[in-house]
2 protein chains.
Amino acid sequence: MYKARNNRIIPKVVIERLPRYYRYFQILEGKVDKISSQKLGEIMGSSASQVRLDLSYFGEFGLQGYGYNVKKLKEELANILDIHKERRFIIAGVGNIGRALTRYDAFEGAGFKLMGLFDIKEELIGQSINNVKIYHVSEMGNFIKENKIDIGIISVPRDAANEVAKTMIKSGIKGILNFAPTELDVPEDFPIENIHIIDKALALSFLIKAKEKTK
Amino acid sequence: MYKARNNRIIPKVVIERLPRYYRYFQILEGKVDKISSQKLGEIMGSSASQVRLDLSYFGEFGLQGYGYNVKKLKEELANILDIHKERRFIIAGVGNIGRALTRYDAFEGAGFKLMGLFDIKEELIGQSINNVKIYHVSEMGNFIKENKIDIGIISVPRDAANEVAKTMIKSGIKGILNFAPTELDVPEDFPIENIHIIDKALALSFLIKAKEKTK
DNA sequence: TAGATTGTTAATCGATTAACAATC
DNA sequence: TAGATTGTTAATCGATTAACAATC
C-alpha cells in the first residue's frame with residue numbers, strides 16, 4: 001500500500017488514473033494557463049469531486065477561486081510519475097508484440113530507455129532491431145544486474161512467462177509490464193502491470209453482443 | 001447497462017473479468033474434469049465468493065457438492081464471449097502498433113478476422129502486410145459497410161483518433177478497440193475498450209518509485 | 001468585497017466478502 | 001446418509017459524489 005499525505009493510503013484506482021491526468025495536462029499546456037476541477041472533469045469525463053480528491057492525495061496544488069495552474073500541475077504530475085528520470089527497460093520475447101514495442105517511440109517520450117532484447121530462438125541472437133541487440137535469455141540475469149535495468153517487459157508465450165518473470169525478479173528488476181496472456185506469480189507488493197490485449201478484445205465482443213440483444 | 005438473469009445488472013468489472021475466466025478454463029480443460037469455486041479462486045487469485053457471484057450473472061452452471069464442469073463452463077464462457085462467431089475487424093493506423101496487431105495471431109485464435117488496414121500515408125496504400133491490404137482512410141467508410149465490419153482498432157496518432165472513430169461509428173461499426181493515447185468521444189453506451197500502453201508503463205513507474213520510498 | 005473554487009469530511013453508491021439454506 | 005459445494009442474500013468494505021467551510 002502506498003501512503004500519501006495525512007497518512008492516507010492511495011487507492012490503486014487513483015494510481016491508475018494518474019497517467020491520464022498527466023496526458024490531459026500535457027494537452028492543456030500552451031492552450032490555457034489555469035483550469036478548475038469542474039472544467040477538467042468535463043474534459044476528462046469525470047466529476048469535479050473526483051479530480052480534487054485524486055489530486056489531493058499528492059499535495060495541495062490548487063488555489064481557491066482560481067483553480068489549478070496547468071504548467072505547475074503538469075510538472076507535479078511528471079515528478080509523481082518519475083518522468084524526468086531515465087528508466088531502463090528490456091523486452092523478453094521478440095515476437096510481434098515485442099518487435100512493435102521495440103519500435104514504439106512513445107516509450108522514449110515518457111522517459112523509458114530500451115537497453116536490450118531477449119529471446120530463445122538461435123537465429124535471432126546477435127541481430128539488432130532499431131539498433132537494440134537481441135541476446136539469448138540465458139544472458140538476461142547478468143544483463144539486468146550489469147546494466148541496472150529497472151523494468152522488464154514480458155512478451156513471451158504464455159507458458160514461458162512465469163519463468164522469465166522469476167529470472168527478472170531474482171536479478172533485481174524493479175517492475176514488470178506483462179503482455180503475456182496470464183497472471184504472473186510475483187511476490188505480494190511487487191510492482192506489476194498487465195496488458196491483456198485479447199482480454200480487452202473479448203470484453204468488447206461481449207459488450208457488442210449484449211448491446212445487440214437489448215435492441 | 002447489461003441485464004442478466006433475475007433482471008440484475010451485470011457490473012462492468014464483472015464483464016472485464018470474463019475473458020480471464022475463459023483463459024483459466026481453457027488451461028484447465030484436459031487437466032481436470034471439475035473444479036470448485038474455492039480451487040478456481042485460488043488459481044486465479046480471487047475469492048470463492050467472487051467466482052460464484054460472477055458466474056451467477058450468466059447462469060446456474062455449478063452443481064452442489066460437485067463444483068463446475070470444466071468442459072461445460074469453458075463452452076458456456078465461449079458462448080457468452082461470442083468466440084465461435086467470426087467478428088470482422090479493421091485496423092486504422094499502420095504504425096508500429098498497427099503492424100504488430102496485423103501479425104498478432106492470437107486474434108485469429110479468439111475468432112477475430114482482420115479484413116483490411118487503413119492509413120493516410122500515400123506510400124503505404126496498395127501494399128499488403130500478411131496478405132492484408134492497406135487502403136486509404138478515405139475508403140474506410142465504404143469498406144466498413146460493404147464488408148460488414150464489426151470492430152475497428154484505432155492505432156493512429158492521438159490527434160487523428162477522434163476523427164477516425166467518428167467515421168467508423170457513422171459507417172456502422174459495432175465496437176472500437178482504442179490504442180491511441182486519448183479518450184474517444186463516443187456515444188453513451190457505444191462499446192469501446194481502451195488499451196493505453198504508456199499509461200500502464202507510467203503507473204508502473206509510480207509503483208516502483210513509491211515502493212523504493214517506503215524502504 | 002463578492003464570486004469562484006479549493007481541500008476535506010460526510011453521505012451515497014457500488015463491489016467484495018461472509019454466511020447459510022438448499023441440495024447434489 | 002454425510003460431506004461438499006452451490007447460488008443468493010446480508011454484511012462489510014471501498015470508491016465516488018455531494019456538501020460546505022475556508023480562503024484566494
Side-chain angles (χ1 to χ4, degrees), chain A residues 1-18 20-21 24-25 28 32-73 76-77 80 183 203, chain B residues 1-18 20-21 24-25 28 32-73 76-77 80 183 203:
Chain A
M1 294 302 112
Y2 307 97
K3 295 257 183 77
R5 304 179 310 129
N6 319 346
N7 256 342
R8 284 185 297 175
I9 284 164
I10 307 171
K12 189 79 195 297
V13 281
V14 174
I15 295 168
E16 300 290 330
R17 278 198 290 265
L18 282 175
R20 210 163 118 239
Y21 285 105
Y24 279 92
F25 276 101
L28 287 169
V32 290
D33 287 345
K34 65 181 175 84
I35 193 155
S36 67
S37 58
Q38 175 71 43
K39 275 244 182 68
L40 184 58
E42 276 167 30
I43 296 170
M44 294 183 60
S46 53
S47 72
S49 284
Q50 184 169 83
V51 167
R52 294 204 298 279
L53 194 56
D54 281 358
L55 295 177
S56 79
Y57 284 102
F58 305 95
E60 300 196 10
F61 302 130
L63 202 65
Q64 285 103 324
Y66 174 86
Y68 299 92
N69 180 289
V70 169
K71 207 170 174 182
K72 186 193 159 201
L73 242 286
E76 294 281 3
L77 285 163
I80 291 165
E183 271 62 51
Chain B
M1 295 302 112
Y2 306 98
K3 295 258 183 76
R5 303 180 309 128
N6 318 346
N7 255 340
R8 284 185 297 174
I9 284 165
I10 307 170
K12 188 81 196 294
V13 282
V14 173
I15 295 169
E16 300 290 329
R17 278 198 291 266
L18 281 175
R20 209 162 119 240
Y21 285 105
Y24 280 91
F25 276 100
L28 287 169
V32 290
D33 286 346
K34 66 183 175 84
I35 193 155
S36 67
S37 58
Q38 174 72 44
K39 275 243 182 70
L40 184 59
E42 277 167 30
I43 296 170
M44 294 182 60
S46 53
S47 72
S49 283
Q50 185 170 84
V51 167
R52 294 204 298 279
L53 194 56
D54 281 358
L55 295 177
S56 80
Y57 284 101
F58 305 95
E60 300 197 8
F61 301 130
L63 201 65
Q64 285 104 323
Y66 173 88
Y68 299 91
N69 180 289
V70 170
K71 207 171 173 182
K72 185 193 159 200
L73 242 288
E76 294 281 2
L77 286 163
I80 291 165
E183 272 60 53

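So you know, we letter chains A, B, ... as the sequences are listed, proteins then strands, and number each from 1.
Contact annotation for B:Ser46: no contact, since no heavy-atom pair falls under 4.0 Å across all strands. Across all strands shown, B:Leu55 has no heavy atoms under 4.0 Å from either base or sugar-phosphate atoms. At the heavy-atom level, B:Ser49 lies under 4.0 Å from base atoms of the strands shown.
The structure places CZ of A:Phe58 at 4.0 Å from CD1 of A:Ile10, a figure rounded to the nearest 0.5 Å.
Mapping A:Val13 and A:Leu63 onto DNA chain D by nearest heavy atom places A:Val13 closer to the 5' end of the strand. Ranked by how close their nearest DNA chain D nucleotide is to the 5' end, A:Gln50 and A:Gly65 are led by A:Gln50.
Although no hydrogens or angles enter the test, the distance criterion places a donor-acceptor pair under 3.5 Å between the side chain of B:Arg20 and the main chain of B:Met44.
The nearest pair of heavy atoms linking A:Phe61 to A:Lys72 is O-NZ, 3.6 Å. Contact record, A:Leu18 with A:Ile80: CD1-CG2, 3.8 Å, taken as the closest heavy-atom pair.
Within the structure, every pair that satisfies the salt bridge (Lys or Arg N to Asp or Glu O under 4.0 Å) test and touches residues 42-66 of chain A, not counting sequence neighbours, is listed here: A:Arg5-A:Glu60, A:Arg17-A:Asp54.
Atom NZ of A:Lys71 has 12 or fewer neighbouring heavy atoms from other residues, nucleotides or ligands inside a 6.0 Å radius.
Taking 4.0 Å as the cutoff to heavy atoms of chain B, we find the contact window on DNA chain C bounded by C:dA15 to C:dC24.
A cation-pi arrangement, defined by a distance under 6.0 Å to the six-membered ring centre and an angle within 45 degrees of its axis, is absent between A:Lys34 and A:Tyr68.
Counting only Watson-Crick and G-U wobble pairs whose two key distances fall under 3.5 Å, DNA chain D forms stems of three or more stacked pairs at C:3-24 with D:3-24.
Judged purely by distance below 3.5 Å, without hydrogens or angles, the side chains of A:Glu183 and B:Tyr24 pair a donor atom with an acceptor atom.
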